[in-house]
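Each remark here refers to the structure printed beneath this line.
Order of the sequence lines sets the chain letters (A, B, ...), proteins ahead of strands, with each chain counted from 1.
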Amino acid sequence: MRFGVLQFPGSCDERDAIAACGRVGEAEMIWHESTDLSGVDAVVVPGGFSYGDYLRVGAIARFAPAMEAVTRFAADGGPVLGICNGFQVLCEAGLLPGALLPNEGRKFLCRQVDLEVVSADSVWLGATEPGQTLSIPVKHANGRWFAPDQTVDALEEAGQIALRYAAGQNPNGSTRDIAGVTNEAGNVMGLMPHPEHAVDAALTGSADGLEIFRSPALATA
Amino acid sequence: MSTKGKHDEQSAHRQLGLTDPEFDAICDLIGREPNGVELAMFSLLWSEHCAYKHSRKLLGNLPVEGERVVMGPGENAGAVSLPGGWAVAFKVESHNHPSAVEPFQGAATGVGGILRDVFALGARPIALLDSLRFGDIDSERSRFLFEGAVSGIGHYGNSIGVPTVGGEVYFEAPYEQNCLVNAMCIGLARSDEMIRSAAAGTGNALVLMGAATGRDGIGGASVLASAELESGDDAKRPTVQIGDPFEESKLVECCLELLAADLLVSLQDLGAAGLTSSAGEMASKGGVGVDIDVAKVPLREADMEPFEVMVSESQERMLAVVEPDQVDQVIEICQRWQTSAAAIGEVTDSGTVRILRDGEVVGEIAVEALVDEAPAYDLDPAEPGEWIYGNENSLDRRIGEIAGLGVDAAEDSAILAALLASPNIASKRWAFEQYDSIVGSRTGSGPEAADAAVLDIPEAGVAIATAIDGNGRRVACDPYRGTIEGVLECTANLACVGANPLGLTNCLNFGNPEKPTVAWQLTKSVEALTDVCKALDLPVVGGNVSLYNETADGPIYPTPVVGVVGELADATRVPGQAFEPAQTIALVGPFAPSLAGSELVKLRGELDQGLPGVEISEIAAAQGAVRDSVSSADGLTACHDISDGGLACAIAEMAIAGETGAECDLDGMIDARGCSGETALFGEGPGGFIVAGPDAALEALASRGVEVIRIGSTGGTLITIAAAERSVALSLADAATCWRSLEGRME
Amino acid sequence: MKARVLIRPKEGILDPQGKAVERALPALGFEGIDNVRVGRLVELEADDPAHLESLCEKLLANPLIEDFEIEEIEA
Amino acid sequence: MKARVLIRPKEGILDPQGKAVERALPALGFEGIDNVRVGRLVELEADDPAHLESLCEKLLANPLIEDFEIEEIEA
Ligand SMILES: Nc1ncnc2c1ncn2[C@@H]1O[C@H](COP(=O)(O)OP(=O)(O)O)[C@@H](O)[C@H]1O
Ligand SMILES: [Mg+2]
């Protein structure tokens, strides 16, 4: 499995994402001006502060030429994962439902949280089981996922709610404790927590994030 | 010489902060009166900040050499070597005064500045630490400054993708008006690819990269503008600078790419005094001259005067020396990173800094006069006869607050609870959760996990540990001993994670050195820094001095902040602070507690001059034993050094971290030390560790030649400590409530 | 032309900044202030005002969470 | 009354957001946009408009780096 990790001006976690992908496959960096995804089996839109998070999180990066290629790639069923800022970019690009708002507590928060797998049907959670708990850190100031009530109902119905914060651990006030969602086809997932920072149990105490990076290979196998 | 200008209140030089003799010296040096541009440049390079007028002579004795030193003081940051041809660069710097005016932007731009010092060496920044001081937390202003500084540090560090892995915060009344915001940055580089700042190669181009130049930080120099600009234009000179971490993140990547492509001859950040100091210092270090054409500098505001361009302190800029035929390539790479770059001048063999506007010379100063001839003053130190800072009894108020938290404790237990809730000791989670401490995938032990932050360096097959420390209150009690303790505290923190210290950086935050008392504090403190670093064989590879930290209320506590970087074999084998159940607890090392200068004495309002003596060699030996024990397979499961709040607080912190109680009896220790129960519980001083582990681990530690006194065992949900006539008993839950009380105060 | 774009959180969406302002009011002695909403202000010059609406929809505001309003300042 | 406060970076002060937006636009296919400044918009209801000025100075704007302008929307 060959991962392509996008790099925008202001990306921060792109090297971490490359390293995490490298534990389960191969990974290369894709410059934001590139439209060439040939040879890439899965795309990761990494965390960070693309364009400084200026104007509105993810708003500018979503117009990058690479995002046009990612949109086509996703439409063809290619696996796309958005982490934190990447999640924000994918929502802005319309590849995922909803939008990310400033945390209810208005502060940037960096802490380890427990996530509950709600639906394991997507390409990115195939290695997990519904109900499974994943210990993965969050670090963001704009992670309050929001969508109107009817939309959320429909998403729940369709199994597009992928991950929830464990009871009492919602760090940002997101609608119904939602931490991650997928598109209808299940090949695109976005989440606020950072699975690429939970891949080395000896160093950081949890390798639960690896489950996510392992999943696309299982889906294509 | 008769060219000297008039000396009165209206003289430009006085308004720019130069004394009459300094102005006369300038006239002598250049053989005439300086024009406006030249005077502006002199006023900055001859300022305390750039010229270290009051500290230069003192700093000369610091030990700066060592086997592992790759770069020492004099460069933008110091650096020590790691295995495999790698080096870690690091430096700490203050941004106190800007933070006192506008804490968010002041702290943010402080982080931006120290990052630039590190990547100016060609090192990729991999970690940040912060050292903060504010007035009493009950003061609204202090909370405002604390809140602003923390979010500013987070804003800049988080956005640029460098983890903030450690730091410290103290709240003491003398910092009320003059808070301290010191930031430390650590970077990683290949030793042989690091770059220096000395300009070289006549005919090479000076390329200015990054943000456009605006009227930032011109402040004082604006007296020079009165003739040239209309008065309303004062509004155009911002008093506060805005940090742009996005611009800097592009600049970091761009500079590192330029260095990797071998396109830069030298590189220097633009900090205080902007182009003037960067160009002047690059020329001075290289023994060359430079020409700068201000008309070629990309401006944020049209119509800036030459002096404004030369002294502007706009952030996020770097100056590079580039071979002429590589300028196009450099500009191309900058464009790819959406960062601007312009050739603004060249290296000459003239030995002068020449400022031109569209080719016409508007200022010309010999580099030597500008940089090397700056005055250096002797201090006039005098020891004060008594404690010069205030004393306020706040213990009852703090104990009252414990009750407010729903903690029901009496007597000694209430003291422990109040100490745990004291903002100097309480968990700083409220602050560090606002920092991304994990980006970069190196953080093994982040904030609160262990006494020092631990970063994995797989490139070199090792890990590094780092801590930053400086208890200004204890330095105020005794500048010499307090400073020694500060360094020992830092190396103790490293010992707790099994790291061997490699190098030290420091930031000397003091009041007005022209006052004898402050001069004495500074002199004693630097003497101590020199002595302790020599005794520990710990080279000082860099630092920063921040003076005049005082207001009408008096000086701040003398606050030498030290940051140490050390090496350990494996980031994954650090025991951390947390107790596990059913382990034996022991006190390790020549800890001789005393209430002098302690948090308890402070709460009681009984601070006074003097601290007990320190045996550096004994303490160093104990630290070595602990370090070796932690880094080998002795089997210690927890390790923590004793500092603020004494032994009782150390034990409580370990119990809270591990959610495991402890039952201790200090009688053995009290016999051995001949101290009172209260002193055993709450007394402070260097040289002590609390460790926990199976008996075999403690025996292994003892066999390393250090005193190990068993004091109890872990388990249960209570923290109980018997100490002769005194005893404390606090439930884990209550202890945690107190220790976690900072969040509530900041709501 | 010079234009001003006012962008505000959509009705019904929690605005923590606005709430924080409201909470801070009494301590500062301000009374009788209500319904505080914090949004963004973008001012710019555009060659062709015709494109502004689409610029706002696509970039300056996110219609799922924000409303916007364009005001012309000068032609 | 209902009021609107426009808060913008002071003249001469760096506006990182405006600059970044302006710089990014052409590459993203938005042409002919210039001089972008990004500020904040606060809308609120106040019983007594007399206090608004001081509210802006103390709480809504940071006078060191921002200018503000109060507009009445409805009485
Ligand atoms: N207290 C100190 N101890 C050791 N070195 C110091 C100290 N203060 C300053 N230096 C050294 O002096 C040089 C100039 O420092 P500084 O003015 O802070 O640099 P910069 O201009 O890069 O901010 C640096 O190399 C610094 O490491
Ligand atoms: Mg420097």
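The residue among L60(D), I7(D), N35(D) with the most heavy atom pairs within less than 4.5 Å of chain C is N35(D). For the options L25(D), V5(D), D34(D), heavy-atom pairs under 4.5 Å to chain C are most numerous at D34(D).
Residue-level contacts of residues 42-52 of chain D with chain C, in order of numbering, are V42(D), E43(D), L44(D), E45(D), A46(D), D47(D), H51(D); threshold 4.5 Å between heavy atoms.
Expressed to the nearest 0.5 Å, how far CZ of R37(C) lies from CZ of R4(D) amounts to 14.0 Å. Separating the CD atom in E31(D) from the CG atom in L55(C) is a distance of 12.0 Å, to the nearest 0.5 Å.
The side-chain contact (heavy atoms from CB on, under 4.5 Å) search around A20(C) returns R106(A), R23(C), not counting sequence neighbours.
In this structure, the portion of L59(C) lying under 4.5 Å from any heavy atom of chain D is its side chain and not its backbone.
Within 6.0 Å of atom CD in E71(C), more than 12 heavy atoms from other residues, nucleotides or ligands are found, so the atom counts as buried in its surroundings.
Just one residue in the list E69(D), R40(D), R8(D) forms a side chain to side chain contact (heavy atoms under 4.5 Å, CB included) with L41(C), and that residue is R8(D).
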